[in-house]
Amino acid sequence: MKLYIGGAFQGQEALARQENPGAEICPAFHETLRQVMRESGDPEGYVRAFIASHPQAVVVADEIGCGIVPMDAGERAWREAVGRGLCRIAQASERVTRVCCGIGVVIK
């Protein structure tokens, strides 16, 4: 598994596709977790199952924890779930790349 993270519109998906041709790319994983929370309410379970069933996946996500804390409790819960989920994915990943301005910096 590999993880590409970065701020919105920083080019992490394009870099992930360029560096991993033919790989299973899971774009906008942060939005996937939003949908999971709406449907099942169990993002931790989803992340555990995802890691077990997609060991070769390339996960792409926006960093959403920076900035102003939302007033809405649901948005705060989503941000926390994304942060915790990406921590689990990073731990399971062989490589983690942070992307800024289209440039990847390997942090693991």
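Because the structure is a prediction, the values reported are computed rather than measured. Start at 1 with the first residue, then count along the sequence.
Within the hydrophobic cluster formed by Ile, Leu, Val, Met, Phe, Trp and Tyr side chains joined at under 4.5 Å, directly or through other members, Val99 is accompanied by Tyr4, Leu15, Ile25, Val58, Val60.
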Show me the side-chain donor-acceptor pairs of residues 66-75 shorter than 3.5 Å, one per line, residues at least two apart or across chains.
residue	atom	partner	partner atom	Å
Asp72	OD2	Gly74	N	3.1
Asp72	OD2	Glu75	N	2.9
Glu75	OE2	Arg34	NH1	2.8

Indicate every side-chain donor-acceptor pair of residues 41-53 with a distance under 3.5 Å to a residue at least two apart or in another chain.
residue	atom	partner	partner atom	Å
Asp42	OD1	Gly45	N	3.0
Ser53	OG	Ala49	O	2.9

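Contact record, Thr97 with Arg95: OG1-NE, 3.5 Å, taken as the closest heavy-atom pair. Summarising the geometry of His30 relative to Ala61, their closest heavy-atom pair is ND1-CA, 3.8 Å, with the distance given to 0.1 Å. The two residues Ala92 and Met1 make their nearest non-hydrogen contact at O-CB, 4.2 Å. Between Gln10 and Cys101, the closest heavy-atom pair is OE1-N, 2.6 Å.
Here the side chains of Phe29 and Val82 are not in contact, with every heavy-atom distance at 4.5 Å or above. Considering only heavy atoms from C-beta on, Gln91 stays 4.5 Å or farther from Ser93 through its side chain.
The distance from atom CD of Glu63 to atom CD1 of Ile5, rounded to the nearest 0.5 Å, is 4.5 Å.
Contacts classified as salt bridge (charged side-chain N to carboxylate O under 4.0 Å, His left out) and involving residues 2-11 (residues at least two apart or in different chains) are not found.
Side-chain atoms of Glu39 and Gln35 include a donor-acceptor pair closer than 3.5 Å. When only modelled atom types and interatomic distance are considered, Asp62 and Gln12 share a side-chain donor-acceptor pair under 3.5 Å.
In the hydrophobic cluster analysis, where Ile, Leu, Val, Met, Phe, Trp and Tyr join through side-chain heavy atoms closer than 4.5 angstrom, Ile89 is grouped together with Ile107.
For Arg84, the salt bridge (Lys or Arg N to Asp or Glu O under 4.0 Å) partners at least two apart in sequence or on another chain are Glu80. Partners of Arg76 according to the salt bridge (Lys or Arg N to Asp or Glu O under 4.0 Å) rule, which considers only residues two or more places apart in sequence or in another chain, do not exist here.
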